[in-house]
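See below for the structure under consideration.
All residue numbers in this chain count up from 1 along the given sequence.
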Amino acid sequence: MPSSPNRDHDPDCSPDNVIIVPHVQISPNESHLFNRAISSGGGMLADLQRATISAQAFYAENDIQPRTRSPWILKRLYEWSSRARRREVVRHVQSALESSQDQDVEDEQLALLLSVSWEEMFFGSEHFPMNDRKRLQSVWELFHSELNFLQRQLLVLRNVYKEPLKKCQVEGCLLTVEPDLLFGNLDQLCRISRRFCQSFLTLLKEVTDRGVDSRYNTTTMIVKLFEKFSRGPSTISAYQAYCINYKATMEYLGSIRQREERFTEFERVCLADQRCERLQLEDLLIAPLQRITRLPILLKEIHRFTDAEDDKAKIEKVIDTMNENLRSIDDSVQWLHNFERLQQLQNQVVWPNIGELEPRCYVPDVGGSLRVEPNRSPYTPPSKPKISQAPDLFDSVSVPEGGPVATVLRESVGTPSPEADPRRTAGV
């Protein structure tokens, strides 16, 4: 084969310096820059240029579309921008968490009671019978579990997740997330739980003031406590609203995790806070449902270790009231579930027309017969022709008067016979 001109005039080029790149796919923009960069070279660079051009011609003849590739610098810039956005979110969340460390004075005073045991609260109960000791322990468990629910779940959900999220939105981050849809009536539940703990401590002081002689009769305290808890519809309706919206909350949480990458970074930073105690967001969101269903169980424990029959009857009435409230909440949630399923069925059911059900059936076109005369109601029957106009139709018809045809026509239209016509009789 004859050698190329470039090889003849270039002594540094050898027949082995042939570069074959059949699988290299270069976008048009990159090829243009590449050709401009090596157009002044010779030898191996010229071979590389020719091989690249021939590879592009090969893919063009075989109708193979080259894959467009972003330059590496654009990919690197995108990675840098993503890292910068993540660092910005982390910085905003950390500053928001630091500012939310301060708690209310009431919450701080209640938090001091987390480490107090029931023996310290009921002084001198170590000499009581075992049944009374277990009753006092159950009463303290009712208060301590509510205090734990307030301090380690509700307030953590508010101070670690909700408030920092709002502060980040003030700074311009995570604006697509709706805190009201994600946390619901969390602030209302915090107020209810705080009021429950404060009422318990107020009533407990009245019990301890009576002294050890009464063996700390807690029945009246339990009755008054749950009367305040269930007195207004706001308490039960608050838990009812939260339970109803819980399913929509979890669906919304899953959706924002898929479409908002910065929210997952927000969750990661919040989860690293020591107040979370490794509890994820789902664990905190389900806590109010678990708390409201646990109250009747704690009341049954108090009822179990109560000796007096009158006191048992009072506590049973409180248990029945709480069970009734739970049934109303469950009925509301079940009704909403059935309503959503009914809407799904209505959207899925398609009613076909008659032609699709039975193709051979004939549906007459009754549009012409249903036309209504103007100035007439469609429910009134059509007007009948006037009979008095019928004889005028036969005035121009010559029919023998004495024949049978004339007699039939007169009878059908009601025309009197000539004998009965006074005009004809007068003419005769």
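In this structure, His337 and Lys247 have side chains that are in contact, with non-hydrogen atoms separated by less than 4.5 Å. Phe200 is not listed as a side-chain neighbour of Leu147, based on a closest heavy-atom distance of 4.5 Å or more. Side-chain atoms of Arg294 and Phe149, non-hydrogen and from C-beta on, never get closer than 4.5 Å to each other. You'll find the side chain of Glu141 stays beyond 4.5 Å of the side chain of Glu301, heavy atoms only. For the pair Tyr246 and Cys243, the minimum side-chain heavy-atom distance is 4.5 Å or more. Side-chain contact between Leu253 and Met250 is present, with at least one heavy-atom pair separated by less than 4.5 Å. Side-chain contact check for Ile319 versus Lys300: some heavy-atom pair is nearer than 4.5 Å. By the 4.5 Å heavy-atom criterion applied to side chains, Glu126 and Arg133 are counted as neighbours.
With no hydrogens or angles considered, no side-chain donor-acceptor pair links Arg135 and Thr306 at under 3.5 Å.
Distance CG/Leu182 to CG/Leu165: 7.5 Å, rounded to 0.5 Å. Here the CG atom belonging to Asn159 is positioned 9.5 Å from the CG atom belonging to Asp273, to the nearest 0.5 angstrom. Atom CG of Asn131 sits about 9.0 Å away from atom CZ of Arg304, to the nearest 0.5 Å. One distance of note links CD of Gln274 with CG of Leu97; it measures 11.0 Å at 0.5 Å rounding. Remark: Ile302 CD1 to Leu298 CG distance equals 7.0 Å, nearest 0.5 Å. One distance of note links CZ of Arg158 with CG of Asp107; it measures 6.0 Å at 0.5 Å rounding.
At a threshold of 4.0 Å, the pair Arg262-Glu265 does not count as salt-bridged, since none of the basic side-chain nitrogens sits closer than that to a carboxylate oxygen. Lys224 has no carboxylate O lying under 4.0 Å from a charged side-chain N of Glu227, or vice versa, which leaves the two without a salt bridge. Asp209 has a carboxylate O that lies under 4.0 Å from a charged side-chain N of Lys205, or vice versa, which qualifies the two as a salt bridge.
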Please determine whether side-chain contact (heavy atoms from CB on, under 4.5 Å) holds for the pair Leu150 and Leu110, giving the CA-CA distance in whole Å, both sets of side-chain angles, and the decisive distance to 0.1 Å. CA-CA 9 Å; Leu150 173 64; Leu110 291 174; 4.1 Å; yes
For a side-chain contact (heavy atoms from CB on, under 4.5 Å) check, start with the C-alpha distance between Trp140 and Leu136, then their side-chain angles and the critical distance, and finish with the verdict. CA-CA 6 Å; Trp140 182 250; Leu136 296 177; over 6 Å; no
Worked verdict on Val139 versus Tyr216 for side-chain contact (heavy atoms from CB on, under 4.5 Å): CA-CA 11 Å; Val139 171; Tyr216 298 119; over 6 Å; no
Trace of the side-chain contact (heavy atoms from CB on, under 4.5 Å) decision for Val160 with Leu271: CA-CA 9 Å; Val160 178; Leu271 186 60; over 6 Å; no
Begin from the C-alpha positions of Phe263 and Phe266 and carry the test ring pair (Phe, Tyr, Trp, His ring centres under 6.0 Å) through to its verdict. CA-CA 5 Å; Phe263 184 79; Phe266 167 79; 5.7 Å; yes
Check against ring pair (Phe, Tyr, Trp, His ring centres under 6.0 Å), Phe122 and Phe128: CA-CA 11 Å; Phe122 297 100; Phe128 289 177; 8.9 Å; no
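The two atoms that bring Ser138 and Phe305 nearest to each other are OG-CD1, 3.9 Å, heavy atoms only. Across all their heavy atoms, Leu299 and Phe226 have their closest contact at CD2-CE1, 3.4 Å. Contact detail for Cys276 and Cys270: the closest heavy-atom pair is SG-O, 3.2 Å. Considering all non-hydrogen atoms of both residues, Pro296 and Met322 come closest at CG-CB, 4.2 Å.
Partners of Lys317 according to the side chain to side chain contact (heavy atoms under 4.5 Å, CB included) rule, which considers only residues two or more places apart in sequence or in another chain, do not exist here. Residues passing the ring pair (Phe, Tyr, Trp, His ring centres under 6.0 Å) test with Tyr161, sequence neighbours excluded: none.
The neighbour count for Arg259 CZ, taken as heavy atoms of other residues, nucleotides or ligands under 6.0 Å away, is above 12. Residue Lys162 places its NZ atom among more than 12 non-hydrogen atoms of other residues, nucleotides or ligands, all under 6.0 Å distant. Surrounding NZ of Lys167 are more than 12 heavy atoms belonging to other residues, nucleotides or ligands, all under 6.0 Å away.
Checked against the 6.0 Å centroid criterion, the rings of Phe196 and Phe143 do not qualify as a close aromatic pair. Taking the six-membered ring where the residue is Trp, the centroids of Trp335 and Phe339 are separated by under 6.0 Å.
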Determine all donor-acceptor pairs shorter than 3.5 Å in which one atom belongs to a side chain in residues 281-293; sequence neighbours excluded.
| from | atom 1 | to | atom 2 | distance (Å) |
| --- | --- | --- | --- | --- |
| Glu282 | OE1 | Arg257 | NH2 | 3.4 |
| Glu282 | OE2 | Arg257 | NH1 | 2.5 |
| Glu282 | OE2 | Arg257 | NH2 | 2.9 |
| Asp283 | OD2 | Gln280 | N | 3.2 |
| Arg291 | NE | Glu146 | OE1 | 2.6 |
| Arg291 | NH1 | Ser145 | OG | 2.8 |
| Arg291 | NH2 | Leu142 | O | 3.4 |
| Arg291 | NH2 | Ser145 | OG | 3.3 |
| Arg291 | NH2 | Glu146 | OE1 | 2.8 |
| Thr293 | OG1 | Leu289 | O | 3.0 |
| Thr293 | OG1 | Gln290 | O | 3.0 |

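For the pair Asn148 (side chain) and His144 (backbone), a donor-acceptor distance under 3.5 Å is absent. Looking only at distances, a side-chain donor or acceptor of Gln169 sits under 3.5 Å from a matching main-chain atom of Leu174. With hydrogens and angles ignored, the 3.5 Å screen pairs no side-chain donor or acceptor of Asp311 with any backbone N or O of Asp307.
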